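Working notes for the structure below.
Only a predicted model underlies this, so the values are computations on that prediction, with no experimental measurement involved.
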Amino acid sequence: MAAYLVTGTDTDAGKTLVTSGLLALARRKGLTTLGLKPVASGSEPTDAGLRNTDALALQACSHPAVPYTTVNPHAFSPAIAPHLAARDAGVTLTLDALSESMREGLGLGRDLTLLEGAGGWRVPLNAREDLSGLATQLALPVILVVGLRLGCISHARLTAEAIRADGLRLAGWAGSLVDPAFGNDEGLYRDNLATLARTLDAPCLGVVPHLPACDPPALAAAAADHLELPDDH
């Protein structure tokens, strides 16, 4: 059994794409899987309650199947920072409460469990705590998703430094080409990737190209073609 917290260099860095891709890859290898999204903003109302598209994608990649609330216990409507969305909903989020709910999922004993954060590493959970504190409380190594765009090298290095400063292990990183224009100059693109590989000092789990829009299971399968699991999965 292995579990990791997946973070990103920023919002829309490709965390869900890489997380679902890794889960899909694990399924190909015959492993049981679970994707968790403790807090999700930007959720839509349904007959069953608020549902977040990222959390639904992780639920679809979880085998055996689990209820939505196991994947995403806290869903909020506005697409804003989690602590602000929770405040507007009259909810107080704490690391202790979130850790307890995540331990229930981790206790299912899946071969691979991935807990996807929200936004970047220093996203606040409340006035005193950051969501990244879940990795510390749950003793999880971290996978960093680098949104490949202009400025990504500095963002990635700063995030990696913050992860290690928190006393956590960076188990690997994966690139996700979020800006197709960034890859237009093939030589420059390769140079950026080489710089990331040299400076992040962690295994590269793959680079996911810009993929055409399709349904979440197809996206996860396409992303899996470009990824590999951490060595200690």
Side-chain angles (χ1 to χ4, degrees), residues 3-24 33-108 110 112-135 137-138 140 142-143 145 147 176 178 213-217 219-220 223:
Y4 305 86
L5 185 140
V6 181
T7 192
T9 46
D10 203 348
T11 300
D12 296 328
K15 292 188 303 298
T16 302
L17 179 62
V18 169
T19 302
S20 59
L22 289 170
L23 293 171
T33 56
L34 178 62
L36 299 173
K37 181 80 172 176
V39 181
S41 302
S43 305
E44 298 293 333
T46 72
D47 291 341
L50 288 173
R51 294 294 182 263
N52 177 266
T53 55
D54 291 346
L56 288 170
L58 299 185
Q59 183 187 22
C61 292
S62 299
H63 297 276
V66 292
Y68 179 85
T69 51
T70 297
V71 174
N72 176 217
H74 295 282
F76 300 106
S77 180
I80 56 178
H83 70 299
L84 300 179
R87 181 200 63 188
D88 291 352
V91 175
T92 300
L93 298 173
T94 68
L95 279 179
D96 285 345
L98 279 187
S99 294
E100 188 61 31
S101 64
M102 292 298 99
R103 284 191 180 96
E104 293 181 13
L106 292 167
L108 295 176
R110 301 295 168 86
L112 178 65
T113 300
L114 298 179
L115 191 159
E116 183 188 322
W121 186 248
R122 290 294 185 221
V123 166
L125 188 62
N126 53 48
R128 300 173 307 281
E129 299 174 315
D130 292 337
L131 186 56
S132 58
L134 278 178
Q137 288 211 357
L138 299 173
L140 297 177
V142 180
I143 294 173
V145 178
S176 176
V178 295
C214 55
D215 63 276
L219 270 177

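K37 places no side-chain N or O within donor-acceptor distance of the main-chain N or O of L115, the cut-off being under 3.5 Å. Between the T33 side chain and the L112 main chain, no donor and acceptor come within less than 3.5 Å of each other. A side-chain donor-acceptor contact under 3.5 Å links S43 to the backbone of F76. A donor-acceptor contact shorter than 3.5 Å is absent between the side chain of T113 and the backbone of L106. No donor-acceptor distance shorter than 3.5 angstrom exists from the side chain of S99 to the backbone of D96, with no hydrogens or angles considered. Side-chain atoms of Q59 never come within 3.5 Å of backbone atoms of G35 as a donor-acceptor pair (strictly under, hydrogens ignored).
Heavy atoms only, all atoms of each residue included: R110 and S62 are closest at NH1-C, 4.5 Å. Between D10 and K15, the closest heavy-atom pair is O-NZ, 3.9 Å. Summarising the geometry of A118 relative to V123, their closest heavy-atom pair is O-CG2, 3.1 Å, with the distance given to 0.1 Å. Heavy atoms only, all atoms of each residue included: T7 and G119 are closest at OG1-O, 4.4 Å. Smallest separation of non-hydrogen atoms from T16 and E116: OG1-OE2, 2.8 Å. N52 and G42 make their closest contact through ND2-O, 3.6 Å (heavy atoms, listed as atom of the first residue, atom of the second, distance).
In this structure the side chain of L125 never reaches within 4.5 angstrom of the side chain of L134, judged on heavy atoms. V6 places a side-chain heavy atom less than 4.5 Å from the side chain of V145. Side chains of T94 and E129 form a contact here, defined as non-hydrogen atoms less than 4.5 Å apart. L58 places none of its side-chain heavy atoms less than 4.5 Å from the side chain of L36. Considering only heavy atoms from C-beta on, L114 comes within 4.5 Å of L23 through its side chain. By the 4.5 Å heavy-atom criterion applied to side chains, L5 and W121 are counted as neighbours. When side chains are defined from C-beta on, L131 counts as touching L98, because their heavy atoms get closer than 4.5 Å. Inter-residue side-chain proximity for H74 and P38 is flagged as unmet; no heavy-atom pair is nearer than 4.5 Å.
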Give every donor-acceptor pair under 3.5 Å between a side-chain atom in residues 44-51 and any protein atom, sequence neighbours left out.
from: T46; atom 1: OG1; to: A48; atom 2: N; distance (Å): 3.1
from: T46; atom 1: OG1; to: G49; atom 2: N; distance (Å): 3.3
from: T46; atom 1: OG1; to: G49; atom 2: O; distance (Å): 2.6
from: R51; atom 1: NH2; to: A48; atom 2: O; distance (Å): 3.3

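Under a cut-off of 6.0 angstrom, the local environment of CG in D88 is crowded, with over 12 non-hydrogen atoms contributed by other residues, nucleotides or ligands.
Atom CD of E100 is separated from atom CG of L138 by 9.5 Å, given to the nearest 0.5 angstrom. Taken from OG in S101 to CG in N72, the straight-line distance is 9.5 Å, to the nearest 0.5 Å.
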